[in-house]
Amino acid sequence: MKITLKDGSVKEYGQAMSVIDIAKDISEGLARAACAGELNGEVVDLRTVVDEDSQLNILTFDSDEGKKAFRHTASHILAQAVKRIYPETKLAIGPSIDNGFYYDMEKDTPFTQDDLAKIEAEMKKIVKENLEITCFTKPREEAIAFMKERKEPYKVELIEDLPEDSIISFYQQGEFVDLCAGPHLMTTKPVKAFKLTSIAGAYWRGDEKNQMLTRIYGTAFTKKAELKDYLTMMEEAKKRDHRKLGKELGLFMMREEGPGFPFFLPNGMVLKNTLLDYWREIHTKAGYVEISTPIMLSRHLWETSGHWDHYKENMYTTVIDEEDFAIKPMNCPGGVLVYQSEPRSYRDLPLRMGELGLVHRHEKSGQLHGLMRVRCFTQDDAHIFMTPEQIKDEIKGVAELIDQVYSLFGFKYHVELSTRPEDSMGSDEDWELATDSLRAALEDLGLDYVVNEGDGAFYGPKIDFHLEDSIGRTWQCGTIQLDFQLPLRFDLHYVGADGEKHRPIMIHRVAFGSIERFIGILIEHFAGAFPTWLAPVQVKVIPISDKHLEYGQEVLNALKAAGIRAQIDTRAEKMGYKIREAQLHKIPYMLVVGGKEEENHAVSVRSRFKGDEGQKSLADFIADIKTEIDDKINRPIEKDEK
């Protein structure tokens with residue numbers, strides 16, 4: 001049999017071989033690092049036997065799927081440690097997740113933070129024991145009896161949900177056995193660098209009517225240095241938590257009277273409106289027109305769009321004059337109605353319509369998280385209607401606009417192409433054409449991308465932009481969705497050069513995504529210290545004493561007249577206190593004014609970027625800061641403020 005490896009080289013074997021044995025044949029080092037295999041495009045366990053010509057990629061921790069297998073093994077080590085210390089614990093599920101793993105469990109006395117150190121110590125023993133991990137299978141009925149005997153009701157329920165003819169797989173390490181599809185490492189030994197990070201509540205199967213379980217989160221790496229770096233990043237993330245900074249900086253609040261519905265405070269509205277002004281500026285330059293569509297529309301519209309059938313559980317509905325209405329979860333059907341409002345010619349296309357639309361989606365209470373997961377938010381939507389010949393250029397134009405936005409804020413990003421999900425509508429031919437069009441545009445732009453199978457929207461494939469913030473976390477924000485379905489379902493037309501009716505193609509796209517979520521990301525990315533152009537308060541004027549208040553007010557008036565967002569601190573406090581407080585509020589510039597400054601019609605400048613910048617004429621300072629604001633310069637920190 002011939003095994004084609006990732007680099008194109010071919011290995012030949014005269015007998016069936018397991019993935020791990022093939023890895024050993026390639027290199028002992030590769031075998032030690034192996035976490036899983038990718039066999040003919042499918043992720044498989046290292047124990048999988050290969051008995052025919054195949055393509056094989058050995059997955060290490062450097063790959064996403066390798067990380068998943070490694071951390072999935074760590075979750076089993078966690079569960080084994082818990083069962084050793086607290087044998088009465090009932091196990092639910094323990095998957096790998098982004099940056100780590102968790103395990104949901106039921107214990108008569110719920111776990112506390114104090115239990116984690118004890119569990120970690122037992123996990124270290126299990127790793128040191130170098131337990132071999134083996135896999136075995138049982139028919140469904142035997143598997144149910146097996147788990148009933150081990151008094152694991154959640155595992156029994158999972159097996160009972162599977163078809164009667166299912167063969168159920170289990171993984172065993174020492175005395176511990178778990179229901180699992182894998183893949184897993186060969187032994188517990190490699191999982192040396194791990195940390196249990198937090199505890200949370202989680203309903204069984206995410207249903208609020210079910211038993212509340214304890215979820216223990218953790219993370220694992222192959223090297224202690226990588227774990228240390230990650231934990232340092234997490235500590236930094238806590239300091240940057242947008243919920244904490246949002247409160248401290250007076251940006252937004254959440255109230256129990258409106259769970260998931262954010263309140264923007266005055267400083268937050270300045271930040272939000274500045275972002276929206278920038279959005280309007282770049283979209284006007286890119287040839288977009290702006291529209292606004294109603295927040296609530298009738299049921300028949302959502303039935304035509306497909307949302308009523310595919311998205312109703314996330315929609316808020318009501319009845320008006322005995323007719324069903326829904327608050328919009330998306331802006332696109334309203335945009336379609338605007339397109340329909342008048343006859344369209346090929347000369348009108350592409351028609352780029354932008355909308356800053358307020359949408360509402362019913363998110364479960366347990367999923368709400370500050371501004372990152374809310375129930376109402378402003379989407380910076382745009383819908384582009386075009387001819388088939390215009391698809392590639394329009395996708396490229398959107399991608400370039402999104403690149404412009406992310407570059408301004410200093411974000412790096414990567415791109416994913418998401419293909420047809422199981423719950424979708426439309427013909428195979430339309431989906432193939434749409435997916436191929438997106439792929440061709442990405443390749444034409446020279447953008448590297450990965451394919452995310454089955455994660456497209458129900459009406460079309462999409463390109464997602466995942467940005468990376470200043471401490472290395474990734475966020476999915478921008479998206480480009482190509483849609484052949486809504487123009488068909490709403491019977492949209494344009495008159496072509498031949499005088500005949502033709503159906504337009506539609507692009508759905510966002511750059512920021514949710515404005516609220518993007519603000520949350522910006523708060524954490526900049527740790528609340530926004531670039532001067534974005535800062536709610538750009539300058540704080542600080543008179544040295546009461547006798548300098550009049551000149552301080554004169555400076556303030558000059559700043560405001562120049563369009564600079566400025567405040568004056570007139571309190572009877574010491575200078576050092578006022579300066580420290582301005583620094584805590586992340587204000588870019590502090591202008592100290594006293595007798596000398598008044599005499600020279602100047603200001604003494606302290607900045608967040610350089611500290612003491614010395615005395616400048618007021619006119620020069622205003623000219624400099626105006627340039628910084630107008631050019632949207634993200635000025636770097638030159639030294640740490642003491």
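Atoms considered below: every heavy atom in the structure, side chains included; atoms not considered: hydrogens, waters and symmetry mates.
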Separation of [Y] [atom2] from [X] [atom1] (nearest 0.5 Å):
X	Y	atom1	atom2	result
L78	I119	CG	CD1	6.5 Å
L185	C35	CG	SG	5.5 Å
D455	D464	CG	CG	7.0 Å
Q211	L213	CD	CG	6.0 Å
E468	T474	CD	OG1	7.5 Å
R517	H242	CZ	NE2	10.0 Å

Is it true that, when you exclude [X] itself, more than 12 heavy atoms of the residues, nucleotides or ligands shown sit nearer than 6.0 Å to its [atom1]?
X	atom1	result
K138	NZ	yes
K244	NZ	yes
D448	CG	no
D64	CG	no
K396	NZ	yes
E422	CD	no
E129	CD	yes
E175	CD	yes

[Y] side chain reached by [X] side chain, heavy atoms, under 4.5 Å:
X	Y	result
F221	R71	yes
R375	L368	yes
L467	I521	yes
K90	P153	yes
D25	Y13	yes
E524	M372	yes
D98	K67	no
E120	K195	yes

Where the side chain of [X] meets the backbone of [Y], is there a donor-acceptor pair that is under 3.5 Å apart?
X	Y	answer
E363	S365	no
S166	I168	no
D380	G513	yes
T479	I463	yes
K392	D444	no
Y413	I402	no

Proximity of F101 and F194 rings by center, below 6.0 Å
no

Taking every non-hydrogen atom, the tightest pair across [X] and [Y]:
X	Y	answer
P329	R361	O-NE, 2.8 Å
H307	M315	O-SD, 3.9 Å
K192	V127	CG-CG1, 3.9 Å
S424	R420	OG-NE, 2.8 Å
R509	V398	CD-CG1, 3.6 Å
A220	V191	CB-CG1, 4.2 Å

Under the side chain to side chain contact (heavy atoms under 4.5 Å, CB included) rule, what do T188 and H76 come out as? Steps first, then yes or no, please.
CA-CA 9 Å; T188 59; H76 278 214; over 6 Å; no

Hey, what's the ring geometry for F111 with Y86, parallel, tilted or perpendicular (30° and 60° as the breaks)?
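Because their plane-to-plane angle is over 60°, the rings of F111 and Y86 count as perpendicular.
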
Give a yes-or-no answer on whether the side chains of [X] and [Y] include a donor-acceptor pair shorter than 3.5 Å.
X	Y	result
D104	Y154	no
Q80	E122	no
D114	T112	no
T219	N99	no
T419	E453	yes
E106	W204	no

Check step by step if salt bridge (Lys or Arg N to Asp or Glu O under 4.0 Å) holds for R47 and D45.
CA-CA 5 Å; R47 298 155 191 80; D45 192 89; 2.5 Å; yes

Give every donor-acceptor pair under 3.5 Å between a side-chain atom in residues 224-234 and any protein atom, sequence neighbours left out.
| unit_1 | atom_1 | unit_2 | atom_2 | d |
| --- | --- | --- | --- | --- |
| E226 | OE1 | T222 | OG1 | 3.4 |
| T232 | OG1 | K228 | O | 2.9 |

Mind running side chain to side chain contact (heavy atoms under 4.5 Å, CB included) on E313 and H362 for me, showing each step along the way?
CA-CA 7 Å; E313 69 277 5; H362 179 58; over 6 Å; no

Check step by step if side chain to side chain contact (heavy atoms under 4.5 Å, CB included) holds for Q481 and C332.
CA-CA 11 Å; Q481 300 170 354; C332 30; over 6 Å; no

Check this for me, if you would: do [X] and [Y] make a salt bridge, where the nitrogen-to-carboxylate-oxygen distance has to be below 4.0 angstrom?
X	Y	result
K83	D178	no
D436	R439	yes
D241	R243	yes

side-chain contact (heavy atoms from CB on, under 4.5 Å) with F176: of I133, L91, L131, only one passes, and it is L91

Within 45° of the axis and under 6.0 Å from the centre of the six-membered ring of F484, does NZ or CZ of R489 qualify?
no

Residue pair F411, D469: steps toward the side chain to side chain contact (heavy atoms under 4.5 Å, CB included) verdict:
CA-CA 6 Å; F411 291 122; D469 69 13; 4.1 Å; yes

Knowing that exactly one of F409, F377, F465 qualifies, which makes a ring-ring contact (aromatic ring centres under 6.0 Å, His included) with F518?
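The ring-ring contact (aromatic ring centres under 6.0 Å, His included) with F518 is passed solely by F409 among F409, F377, F465.
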
